[in-house]
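Numbers here are sequence positions counted from 1.
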Amino acid sequence: MFANPFKLKKLGILAMNNRNINFIGKYNKRKNFPFVDNKLKTKQLALEHNIKVPQLLGFIQFQVEIKCFEKYIENENGFVIKPAQGSGGKGILVIVAKKDGKYIKPSGESLSYSDIRRHISNILSGLYSLGGKNDIAVFERLVNFDEAFEGFSFEGVPDVRVIVYRGYPAMAMMRLSTSQSDGKANLHQGAVGVGIDIKTGKALSAVQFNRPIKVHPDTNKDLKLLKVPYWHEILHLCAKCYEMTQMGYLGADIVIDKLRGPLVLELNARPGLAIQIANDLGALNRFKKIDEVAHLHKSIEEKVAFSIETF
């Protein structure tokens, strides 16, 4: 079934071709893509700009180094391994515990030492990377998710996706992991998307597989009760990511650690369009309002204040 393009335009729905040509193509310079396409480079750049990120435990670049992977996680009960150039959550392995020589995933499934080595080898060979290029396996410390999200996420760390347009936070959603998404906050794998009010950080509406839902499918938690802590700090952090990357159309993914507060998990130069479904709102009308004032606001504080007041 196809939607009427004139109706979509009236609703301000941003479609893929429009996004690719008039937003990604126009506002994201090709030379800046490596800063967001490579998670290791993003992390290093963020640290240079005093932006907090999940702690880097180490990384592996060559197959011959795989046999030494345990040195990076020997003092960690939980950790994450991800491809530096992966996309869509592919190749991200979340381990929440180690028990009797086994590595335990959020689902309860256990992996062996050989399983971990094989996964790292697959990452290096480019199985999960953009374009199938040789990649780097990045090891991160597991984030201890904030207790404010108790019951809202299943066995995984939820994150906040904010679309930053020309330096202004424009739309936001919370992505909550489920049993189907295997502890990953990825909508294509079955995570729940909850639209978030830019002004208050409170839930607006929620979807799973693009269909409206009211409660979390695993915990039955009422999703309308969700409120994101540190909300103004998160908006400032996302706006600062624009200053860091000079990407005018950017998806900033933020996690909240109960000890360290908001952390930049990763950045995306080609953020998806499902955030409009989660918010039950088209993005184009908001982008138009930003275009009208973009020449007026210079500082991060001014841009964030405009978004809070307007949206």
- prompt: Would a line drawn from the ring center of Tyr27 to the ring center of Tyr165 be shorter than 6.0 Å?
  reply: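 That pair passes the under 6.0 Å test.
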- prompt: Is it true that Phe209 and His188 have ring centroids separated by less than 6.0 Å?
  reply: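 Not close enough - the centres of the two rings lie 6.0 Å or further apart.
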message: Could you check whether Asp218 and Ser179, counting side-chain N and O atoms only, form a donor-acceptor pair closer than 3.5 Å?
response: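 Asp218 and Ser179 do have a side-chain donor-acceptor pair below 3.5 Å.
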- request: Classify the side-chain pair Gln63/Ser121 by whether it contains a donor and acceptor separated by less than 3.5 Å.
  value: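 Side-chain D/A pair, Gln63 to Ser121: present.
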message: Within a 6.0 Å radius of atom CD on Glu292, are there more than 12 heavy atoms belonging to other residues, nucleotides or ligands?
response: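 Enclosed: over 12 neighbouring heavy atoms sit under 6.0 Å from CD of Glu292.
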Give a yes or no on whether [X] and [Y] share a hydrophobic cluster (residues Ile, Leu, Val, Met, Phe, Trp, Tyr; joining criterion: side-chain heavy atoms under 4.5 Å apart).
{"X": "Ile66", "Y": "Ile116", "value": "yes"}
{"X": "Val53", "Y": "Val36", "value": "yes"}
{"X": "Phe152", "Y": "Ile234", "value": "yes"}
{"X": "Val162", "Y": "Ile24", "value": "yes"}
{"X": "Ile198", "Y": "Leu226", "value": "yes"}

query: Hey, does Asn32 have a side-chain heavy atom less than 4.5 Å from the side chain of Thr245?
result: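 No, their side chains stay 4.5 Å or more apart.
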Approximate separation, where rounding is to 0.5 Å, of [X] [atom1] and [Y] [atom2]:
{"X": "Cys238", "Y": "Met244", "atom1": "SG", "atom2": "CE", "value": "10.5 Å"}
{"X": "Leu284", "Y": "Lys289", "atom1": "CG", "atom2": "NZ", "value": "13.0 Å"}
{"X": "Lys29", "Y": "Gln246", "atom1": "NZ", "atom2": "CD", "value": "7.5 Å"}
{"X": "Leu235", "Y": "Tyr168", "atom1": "CG", "atom2": "OH", "value": "14.0 Å"}
{"X": "Leu176", "Y": "Leu187", "atom1": "CG", "atom2": "CG", "value": "9.5 Å"}
{"X": "Glu266", "Y": "Ser87", "atom1": "CD", "atom2": "OG", "value": "9.5 Å"}

For residues 269-276, tabulate all N or O donor-acceptor pairs below 3.5 Å that involve a side-chain atom, not counting sequence neighbours.
residue: Arg270; atom: NH1; partner: Asp37; partner atom: OD1; Å: 2.9
residue: Arg270; atom: NH2; partner: Asp37; partner atom: OD2; Å: 3.0
residue: Gln276; atom: OE1; partner: Leu14; partner atom: N; Å: 2.7
residue: Gln276; atom: OE1; partner: Ala283; partner atom: N; Å: 3.0
residue: Gln276; atom: NE2; partner: Leu14; partner atom: O; Å: 3.0
residue: Gln276; atom: NE2; partner: Leu273; partner atom: O; Å: 3.3

- prompt: Given the rule in the salt bridge (charged side-chain N to carboxylate O under 4.0 Å, His left out) test, do Asp257 and Lys52 qualify, once you have shown the distances and angles that lead to the verdict?
  reply: CA-CA 11 Å; Asp257 187 279; Lys52 292 189 295 183; over 6 Å; no
task: Show your reasoning for whether salt bridge (charged side-chain N to carboxylate O under 4.0 Å, His left out) applies to Lys202 and Asp197.
output: CA-CA 5 Å; Lys202 294 181 179 179; Asp197 180 37; over 6 Å; no
message: Ile196 and side-chain contact (heavy atoms from CB on, under 4.5 Å): which single residue from Val160, Asn279, Val228 fits?
response: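 Among Val160, Asn279, Val228, the one that satisfies the side-chain contact (heavy atoms from CB on, under 4.5 Å) with Ile196 is Val228.
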Taking only distance into account, with no hydrogens and no angle test, what donor-acceptor pairs under 3.5 Å do side-chain atoms of residues 69-82 form with protein atoms, sequence neighbours excluded?
residue: Glu70; atom: OE2; partner: Tyr103; partner atom: OH; Å: 3.1
residue: Tyr72; atom: OH; partner: Phe59; partner atom: O; Å: 3.3
residue: Glu76; atom: OE1; partner: Arg141; partner atom: NE; Å: 3.1
residue: Glu76; atom: OE2; partner: Arg141; partner atom: NE; Å: 3.3
residue: Glu76; atom: OE2; partner: Arg141; partner atom: NH2; Å: 2.7
residue: Asn77; atom: OD1; partner: Lys98; partner atom: N; Å: 3.3
residue: Lys82; atom: NZ; partner: Glu140; partner atom: OE1; Å: 3.3

Indicate yes or no: does [X] engage [Y] in a salt bridge with an N to O separation below 4.0 Å.
{"X": "Lys303", "Y": "Glu243", "result": "yes"}
{"X": "Asp115", "Y": "Arg118", "result": "yes"}
{"X": "Asp253", "Y": "Arg161", "result": "yes"}
{"X": "Asp146", "Y": "Lys258", "result": "no"}

query: Should the ring pair Tyr249 and Phe23 be called parallel, tilted or perpendicular, given that the plane angle runs from 0 to 90° and is split at 30 and 60?
result: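 Rings of Tyr249 and Phe23: tilted, 30 to 60°.
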task: Could you tell me whether a side-chain N or O of Lys43 sits under 3.5 Å from a main-chain N or O of Pro54, the two making a donor and an acceptor?
output: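 Judged by distance alone, yes, a pair lies under 3.5 Å.
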For a quick test of your reading: what N or O donor-acceptor pairs under 3.5 Å do the side chains of residues 44-51 make, sequence neighbours left out?
residue: His49; atom: ND1; partner: Leu45; partner atom: O; Å: 3.0

